[in-house]
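Written below as structure tokens is the structure these notes are about.
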Amino acid sequence: MAKKVGVAILGLGVVGGGTYQTLVEHHDFYLKTQKADITVEAVLDKAVARLDALGVPEELRAKSIEEVLANPAVDIVVETIGGIGVAKAFVTAALCSGKSVVTSNKELICKFSHELEDIAKRNGCGLYYEASCVGGVPIIRTLIDGVQANKISKMMGIVNGTTNYILTKMSTEGADYAETLKEAQRLGYAEFDPTNDVEGFDSTYKLSILSSMAFHTKVPYTKIFREGISGIATEDIAYGKELGYTLKLLAIGKNTEKGIEVRVHPTFIPNAHPLASVNDAYNAVYLCGDAVDDIMLYGRGAGALPTASAVVSDVIYAATHSEIKYSTFKNTANAERNVKFISNFESAYYIRLSVEDKAGVLAKITGVFAKNGISIVEIEQKGKKTDEAGVPLIVVTHQTRENSVKNAVAKIGETGIAKVEAVIRVE
Ligand code: HSE
């Protein structure tokens, strides 16, 4: 006989609505394929219009979280509210009442997984969060199960669709950042206040969760170096193209003998790299494991049904597994004491300077790089002096330390040898 499993959904916005739709429409499919009779037993959302639009029957519309949690037919609570206010209170209450929780909330998991997982363990229930990172791409399950045989040394992800959409458009259409952002907002890719996405905060939450799981230790988001895309100029994307690079906002995690390196920033990658062809609002995560070598997962990182795909996969997992597998990193808010984080990381760099086109300038600039121990791979002046305005000088370095580049560009700026227009890391 099929196992009967009741679900409550808290928050029927884009993801919650997609989850409701998927569970209702695929009920018979899951009954047949999973031997689980999964039904929506309650929903909680004050916006009646949303519930009407989804055709939620009156008898499923709960008035309060207390009513949802007191319902004996509810086994699993899906939280798709977002944020860390009411969502945290409701998730905590659900776990305390012994109900397993499935959440799509990256900020909640990034900041409070330690606390929530403790409550889940104490109450013998599960906490699942596949949808918290990279929407429909099954990266969490891959890290927990699929690649568990491996020591993961590196991950690089395009984990934010909004910024990937903007950078793709800037690259293919040559449009500038401000007008592309406006277009992304008009199409609903970017939010009215785009800060969370364009300044890289969303990516740091996801990288914190993913690198904690990949490296089996807590990687607090506060340890992640972050730089967004709002300062990117279209001309740098074009100059990068001439050098054979594509610009992406990457979430990078490396686990080395010297420590853990975690950073989110615009990055030039060679056109031949698999991540270079991940365009528009698509996401991808590229992993290197010691046994499997390189693998890449690709798909939609947002949207109602892609994200519902991840939420419902967790619901099915929770419904069909009695063994609960918690995160393998130490359950703590902070980094473990013995874990070293590398802030003065190594990278190659693309640097655009604006220089006066006259004798001796190049020698002074290369002198500053040499003094800071920076070796140059390529240097090219774009055009000749036409008036008083400076001409662009593009410098690409070998692998070097972040602090060496910081010192060199500060020196160049301070002494007025040239104006520093852009510094972009190259992987
Ligand atoms: N705002 C995110 C993005 C989607 O643009 O990818 C949800 O994580």
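Both backbone and side-chain heavy atoms feed into the values below; hydrogens, waters and symmetry mates do not. Bear in mind that the values here come from a model prediction, so they are computed numbers and not experimental data.
In this structure, the side chain of Glu79 does not engage the main chain of Val91 through any donor-acceptor pair within 3.5 Å. Between the side chain of Asp45 and the backbone N or O of Ala47 there is at least one donor-acceptor pair closer than 3.5 Å.
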Problem set entry | Stepwise side-chain contact (heavy atoms from CB on, under 4.5 Å) check, Val377 with Thr397 | CA-CA 5 Å; Val377 177; Thr397 75; 5.7 Å; no
For this session: Check the pair Arg141, Asp314 against salt bridge (Lys or Arg N to Asp or Glu O under 4.0 Å), reporting the backbone distance first and the verdict last.
Result: CA-CA 9 Å; Arg141 186 82 56 222; Asp314 273 347; 2.8 Å; yes
For this session: Tell me, with the steps shown, if Phe112 and Lys88 meet side-chain contact (heavy atoms from CB on, under 4.5 Å).
Result: CA-CA 8 Å; Phe112 298 106; Lys88 182 172 180 244; 3.6 Å; yes
Problem set entry | Stepwise side-chain hydrogen bond (donor to acceptor under 3.5 Å, both in side chains) check, Asn255 with His216 | CA-CA 10 Å; Asn255 190 12; His216 301 277; over 6 Å; no
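A distance of 10.0 Å separates OH in Tyr20 from CD in Glu25, rounded to the nearest 0.5 Å. The CD1 atom of Ile224 lies 13.5 Å from the OG atom of Ser343; values are rounded to the nearest 0.5 Å.
No side-chain donor from either of Glu402 and Ser347 sits under 3.5 Å from a side-chain acceptor of the other. Judged by distance alone, the side chains of Glu117 and Ser327 do bring a donor and an acceptor atom under 3.5 Å apart. One side chain, Lys248 or Asn279, offers a donor N or O that lies under 3.5 Å from an acceptor on the other. In this structure, a donor-acceptor pair under 3.5 Å is absent between the side chains of Gln34 and Thr320. Side-chain polar atoms of Asn334 and Lys218 form no donor-acceptor pair below 3.5 angstrom. For the 3.5 Å distance criterion, the side chains of Asn196 and Asp202 fail to qualify, holding no donor opposite an acceptor. A donor-acceptor pair shorter than 3.5 Å can be found between the side chains of Asp294 and Tyr286. Side-chain contact check for Asp118 and Asn331: at least one donor-acceptor pair (N or O, by modelled atom type) lies under 3.5 Å.
Between His265 and Phe225, the ring planes are perpendicular. Angles over 60° get that label, and only those under 30° would be called parallel. Ring pair His321/Tyr317 is parallel by interplanar angle, where below 30° counts as parallel and above 60° as perpendicular. Note: Tyr298 and Tyr282 have parallel aromatic rings, judged against thresholds of 30 and 60 degrees for the angle between ring planes.
Lys3 NZ: more than 12 foreign heavy atoms inside a 6.0 Å radius. Within a 6.0 Å sphere centred on NZ of Lys121, heavy atoms belonging to other residues, nucleotides or ligands number more than 12. Counting non-hydrogen atoms of neighbouring residues, nucleotides and ligands closer than 6.0 angstrom, the CD atom of Glu67 exceeds 12 such neighbours. Other residues, nucleotides and ligands place no more than 12 heavy atoms under 6.0 Å from the CZ atom of Arg300. Within a 6.0 Å sphere centred on NZ of Lys111, heavy atoms belonging to other residues, nucleotides or ligands number more than 12. For NZ of Lys151, the number of neighbouring non-hydrogen atoms (other residues, nucleotides, ligands) closer than 6.0 Å is 12 at most. Within a 6.0 Å radius of NZ in Lys258, no more than 12 heavy atoms belonging to other residues, nucleotides or ligands are found. Around atom NZ of Lys325, more than 12 heavy atoms belonging to other residues, nucleotides or ligands sit under 6.0 Å away.
Partner of Tyr129 under the side-chain contact (heavy atoms from CB on, under 4.5 Å) criterion, chosen from Val101, Val102, Ile209, Asn105: Ile209.
Shown here for Lys106 and Ser132, the closest heavy-atom pair between the two residues is CB-O, 3.1 Å. Contact between Gly11 and Thr80 at its shortest, heavy atoms only, is O-OG1, 2.7 Å. Taking each heavy atom of Val5 and Ala319 in turn, the nearest pair found is CG2-CB, 3.7 Å. What you find for Gly136 and Ala310 is that their closest heavy atoms are CA-CB, 4.5 Å. Nearest heavy-atom pair, Ala8 versus Val74, reported as atom, atom and distance to 0.1 Å: CB-CG1, 3.7 Å. Taking all atoms of both residues into account, the shortest heavy-atom contact from Val423 to Val405 is CG1-CG1, 4.1 Å.
A distance of 6.0 Å or more separates the ring centres of Tyr350 and Tyr245.
The shortest side-chain heavy-atom distance between Thr246 and Lys241 does not fall under the 4.5 Å cut-off. Using a 4.5 Å cut-off on side-chain heavy atoms (C-beta onward), Gln148 and Thr142 make no contact.
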